[in-house]
Amino acid sequence: MSTVQTTSYRRARDHFEPEDTDPQEQRRVRGLLEKIDYAAFISNREVIGQMLVGVDAGSFQRLAVMTATARAKWAAETLRLSESGSPVTPDQTARLTAHRTAYEELAEAYEAMRRMVERGYLTIR
């Protein structure tokens, strides 16, 4: 089973967890939070929809191919370095880091765009 590690994590304050036992106050706070969440949803949908015009299934496929290529380059560079049998130089490490960073950034972008579709911020034609 594979897992994807991201830099995000759930903070204790990420979601409403009532501290007050007064039901009316809890309802008031929940209502306010729903309005805030709706404002964020509308903002995301409008801004993302305007900035990412023309995204379709082909866009996702191209991004997936680009991400897979970056991952393969990172792995190929690692194997190439291991075949030499000599210690890795700082230049080689920098090149390997650049390949890994490129892959990780592309993978994060792919996941972010997928979440945009899932949450309704981005409509695929």
Side-chain angles (χ1 to χ4, degrees):
M1 179 161 105
S2 65
T3 59
V4 175
Q5 181 177 353
T6 66
T7 57
S8 62
Y9 56 92
R10 184 182 185 278
R11 294 176 186 88
R13 291 180 236 132
D14 276 353
H15 299 284
F16 176 62
E17 296 171 2
E19 294 177 10
D20 190 351
T21 56
D22 179 22
Q24 278 187 314
E25 180 62 14
Q26 287 180 9
R27 278 192 295 278
R28 186 190 71 73
V29 171
R30 284 181 203 257
L32 178 61
L33 291 172
E34 284 179 16
K35 288 178 183 178
I36 291 168
D37 287 345
Y38 186 71
F41 168 77
I42 294 299
S43 298
N44 275 296
R45 189 179 65 187
E46 288 179 9
V47 170
I48 291 168
Q50 288 174 6
M51 292 187 76
L52 300 179
V53 177
V55 175
D56 59 8
S59 304
F60 276 88
Q61 182 177 1
R62 288 187 299 276
L63 183 54
V65 168
M66 201 165 128
T67 304
T69 302
R71 177 186 253 177
K73 285 181 180 179
W74 176 35
E77 181 68 14
T78 303
L79 291 174
R80 190 183 70 70
L81 291 174
S82 70
E83 289 171 357
S84 72
S86 59
V88 178
T89 68
D91 287 343
Q92 291 170 325
T93 301
R95 189 169 53 249
L96 187 60
T97 300
H99 286 301
R100 178 183 46 80
T101 302
Y103 160 67
E104 289 175 349
E105 286 298 322
L106 289 165
E108 286 289 324
Y110 180 88
E111 287 301 318
M113 287 186 61
R114 190 178 181 286
R115 279 191 306 276
M116 289 176 205
V117 172
E118 186 176 76
R119 292 178 181 171
Y121 304 154
L122 180 62
T123 303
I124 302 299
R125 32 181 191 113

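Between L106 and T67 the shortest heavy-atom distance is CB-OG1, 3.4 Å. Contact record, F41 with R119: CE1-O, 3.2 Å, taken as the closest heavy-atom pair. Summarising the geometry of L52 relative to L122, their closest heavy-atom pair is O-CD1, 3.7 Å, with the distance given to 0.1 Å. Nearest approach of L79 to S82, heavy atoms of both residues: O-OG, 2.8 Å. A pairwise comparison of heavy atoms in G54 and S59 identifies O-OG, 3.9 Å as the closest pair. Here the closest heavy-atom approach between residue Y110 and residue L63 is recorded as CA-CD2, 3.7 Å.
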Criterion salt bridge (charged side-chain N to carboxylate O under 4.0 Å, His left out) on E25 and R28, from CA distance to verdict: CA-CA 5 Å; E25 180 62 14; R28 186 190 71 73; 2.8 Å; yes

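To the nearest 0.5 Å, atoms OG1 (T93) and CZ (R100) are separated by 10.5 Å. A distance of 15.0 Å separates OH in Y103 from NZ in K73, rounded to the nearest 0.5 Å. Rounded to the nearest 0.5 Å, atoms NZ (K35) and CG (L33) are 11.0 Å apart. Distance CD/E111 to CD/E118: 9.0 Å, rounded to 0.5 Å. Note that CG of D37 and CG of L32 are 9.5 Å apart. Values are rounded to the nearest 0.5 Å.
Residue R114 qualifies as open at atom CZ: its count of foreign heavy atoms under 6.0 Å is 12 or below. Residue-environment remark: CZ (R71) stays at or below the threshold of 12 foreign heavy atoms within 6.0 Å.
Under the 4.5 Å side-chain contact rule for hydrophobic residues, Y121 and V53 do not share a cluster. Both Y38 and I48 belong to a single network of hydrophobic side chains, linked directly or stepwise wherever heavy atoms of I, L, V, M, F, W or Y lie under 4.5 Å apart.
In this structure, V55 and M116 have side chains that are not in contact, with every pair of non-hydrogen atoms separated by 4.5 Å or more. L81 places a side-chain heavy atom less than 4.5 Å from the side chain of E77.
Distance alone, capped at 3.5 Å, places no donor-acceptor pair between the T101 side chain and the A98 backbone.
R45 is linked by a side-chain hydrogen bond (donor to acceptor under 3.5 Å, both in side chains) to nothing, counting only residues two or more places apart in sequence or in another chain. Legend: residues meeting salt bridge (Lys or Arg N to Asp or Glu O under 4.0 Å) with R62, ordered by chain and number and at least two apart, are absent.
The side chain to side chain contact (heavy atoms under 4.5 Å, CB included) test with L96 is passed by exactly one of T78, D91, V88: T78.
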